[in-house]
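Quick caveat, the model's predicted, so the values are computed rather than measured. Sequence lines set the chain letters: A, B, ... in the order given, protein chains first and strands last, and positions in each chain run from 1.
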Protein chains: 2
Amino acid sequence: MRVSKQQMAENRERILDAAAQLFREKGFDGIGVADLMKAAGMTHGGFYGHFASKEDLMAHAVERSMEGGRALAEQLAAGAAGRPGGALAAVADWYLSCRHRDEMGEGCAVAALGADAARQGPGVRQAITRGIRSFTERLARLVPGGTEAERRQKALATYATLVGALVLARAADDDALSREVLEAARAALPAA
Amino acid sequence: MRVSKQQMAENRERILDAAAQLFREKGFDGIGVADLMKAAGMTHGGFYGHFASKEDLMAHAVERSMEGGRALAEQLAAGAAGRPGGALAAVADWYLSCRHRDEMGEGCAVAALGADAARQGPGVRQAITRGIRSFTERLARLVPGGTEAERRQKALATYATLVGALVLARAADDDALSREVLEAARAALPAA
DNA sequence: ATTATCTATAGATCTATAGATAATGC
DNA sequence: ATTATCTATAGATCTATAGATAATGC
């Protein structure tokens with residue numbers, strides 16, 4: 001049952017969307033090609049017409065996830081324009097929210113897959129590196145600071161605090177401790 | 001070929017040591033019971049005399065890894081006693097070193113396995129939570145700050161910055177960017 | 001006629017267990 | 001006699017592929 005060119009392009013998008021969500025939610029090894037294709041509404045044999053391998057999909061899915069995070073930050077920053085420091089505060093409030101903590105499938109790919117990405121091949125590594133660069137540059141335009149070098153340094157430190165807080169808050173099996181981490185990180189950011 | 005009670009206890013330790021290292025290095029799904037037992041010098045059938053399941057071992061291995069991290073921090077802090085702020089600086093310098101970044105099998109379990117631990121069952125979650133609590137309390141005695149609440153908050157934020165920086169530095173497929181992250185995090189800590 | 005998808009399966013790997021083996025410890 | 005370990009394997013799952021099917025697009 002062949003489909004139209006457009007339908008095939010849409011099918012590829014659906015596979016990518018499912019992968020971007022399910023890899024973050026379950027980890028690269030927590031979901032197989034067959035279940036991914038099922039989630040996208042196809043059978044698993046068709047997968048290899050769209051991607052060369054599971055690792056190929058992983059790289060594209062990481063790229064998509066990172067792009068989504070950057071776009072959301074963009075949107076939040078735009079919504080808080082005007083207020084000084086408001087843009088960084090908006091991004092930080094989202095990133096350190098319980099909602100973001102609890103919806104691993106839709107949030108930051110570095111927090112969800114970063115450690116595992118470090119164990120993968122060049123495709124995945126390069127995709128996540130591009131995303132890190134992009135998000136860092138976006139953050140650098142939000143943090144306070146005189147020189148560009150100062151802002152970049154602050155952006156990287158802020159990025160680290162955000163990612164680490166989310167990883168800790170998700171790992172902690174105790175809601176009080178988990179919230180404490182998120183709030184402590186929020187208080188430590190240059191946002192104020 | 002039965003072994004003595006003491007030999008069996010030593011064998012269990014060897015399994016735990018191999019697991020603590022290999023899980024951090026390759027991820028929970030990146031190493032199987034058979035290869036773990038081979039690394040410990042046994043065949044995989046014997047595994048189930050020591051642990052109820054792979055997940056049972058995962059929980060014990062996480063506990064051991066977290067305990068090792070805390071002990072190393074303890075040692076570093078003791079070595080830098082006297083100098084004001086020196087203890088925190090010593091811990092931060094180790095945590096944010098390229099050596100720690102490159103030896104995933106021997107470092108912080110939260111940075112290596114935190115996101116994956118969040119996807120595991122109660123045993124693993126509880127083990128990592130105990131470790132997080134323990135390390136946080138240790139850090140709280142090193143950071144500057146007036147009240148105990150202030151120091152605890154600073155300790156949690158510091159912990160987050162350390163973990164996030166290491167995850168980012170390991171994910172980044174570019175040594176310059178990777179070092180930049182580590183140095184930016186180092187500069188942002190209250191250690192000075 | 002071409003080709004995107006589906007069915008079916010090969011080949012590898014993984015967790016867990018059953019039964020055999022051989023050394024300890026009462 | 002007991003029991004820690006080993007050999008062998010069951011049963012499940014995973015990636016990838018081969019060949020069949022059926023709808024598109026020249």
Side-chain angles (χ1 to χ4, degrees), chain A residues 1-62 113 116-117 119-124, chain B residues 1-20 22-23 25-62 113 116-117 119-124:
Chain A
M1 35 204 296
R2 188 184 173 191
V3 301
S4 71
K5 267 187 173 176
Q6 191 190 334
Q7 182 61 250
M8 192 195 177
E10 282 172 24
N11 285 350
R12 186 191 152 98
E13 289 302 296
R14 287 227 308 286
I15 299 172
L16 262 176
D17 282 334
Q21 159 130 20
L22 289 168
F23 281 145
R24 278 176 287 182
E25 195 174 311
K26 298 173 183 293
F28 290 130
D29 290 330
I31 181 91
V33 171
D35 286 333
L36 266 169
M37 288 298 280
K38 197 182 213 173
M42 278 167 281
T43 57
H44 87 281
F47 173 77
Y48 294 90
H50 291 279
F51 297 94
S53 64
K54 188 186 181 184
E55 181 148 10
D56 181 30
L57 173 66
M58 280 157 53
H60 284 93
V62 163
L113 296 169
D116 246 9
R119 301 184 185 102
Q120 306 299 328
V124 173
Chain B
M1 34 203 294
R2 189 184 171 190
V3 301
S4 71
K5 267 187 173 177
Q6 191 191 333
Q7 182 61 251
M8 192 195 177
E10 281 171 25
N11 286 349
R12 185 190 152 100
E13 290 302 296
R14 286 228 308 284
I15 299 172
L16 262 176
D17 282 335
L22 289 168
F23 281 145
E25 195 174 310
K26 298 172 182 294
F28 290 130
D29 290 330
I31 181 91
V33 172
D35 286 332
L36 267 169
M37 288 298 278
K38 197 183 215 175
M42 279 166 280
T43 57
H44 87 282
F47 174 78
Y48 295 91
H50 291 280
F51 297 94
S53 64
K54 187 186 182 184
E55 181 148 9
D56 182 29
L57 173 67
M58 280 158 52
H60 284 93
V62 163
L113 295 169
D116 245 11
R119 302 184 185 101
Q120 305 300 326
V124 173

B/Glu10 side chain reached by B/Gln6 side chain, heavy atoms, under 4.5 Å
yes

Are any of the side-chain heavy atoms of B/Phe23 and B/Leu57 separated by less than 4.5 Å?
yes

Can you measure from CG (B/Asn11) to CG (B/Leu16) and round to the nearest 0.5 angstrom?
11.5 Å

Along DNA chain D, first and last positions that approach a heavy atom of chain B under 4.0 Å
D/dT2 to D/dT9

Donor-acceptor contacts, no H, no angles, side chain residues 28-52 of chain A, under 3.5 Å, sequence neighbours left out:
none

A/Met8 or B/Lys5, whichever maps to the more 5' nucleotide of DNA chain C
A/Met8

For residues 13-23 of chain A, pull every pair meeting salt bridge (charged side-chain N to carboxylate O under 4.0 Å, His left out), keeping only residues two or more places apart or in separate chains.
A/Glu13-A/Arg64, A/Asp17-A/Arg64

As a test of your reading of the structure, name each stem of DNA chain D as range with range, where a stem is three or more consecutive Watson-Crick or G-U pairs at under 3.5 Å.
C:1-24 with D:1-24

Taking only residues two or more places apart in sequence, or in another chain, which ones meet [X] in a side-chain hydrogen bond (donor to acceptor under 3.5 Å, both in side chains)?
X       : value
A/Gln21 : A/Glu25
B/Gln7  : none
A/Glu55 : none

I need the residues from residues 34-61 of chain B with at least one non-hydrogen atom less than 4.0 Å from DNA chain C; give them sorted by number, or say none.
B/His44, B/Gly45, B/Tyr48, B/Ser53, B/Lys54

What pair of heavy atoms forms the shortest contact from B/Gln120 to B/Val124, and how long is it?
CB-CB, 3.7 Å

Which parts of residues 15-30 of chain A get close to DNA chain D, meaning a heavy atom less than 4.0 angstrom away?
none

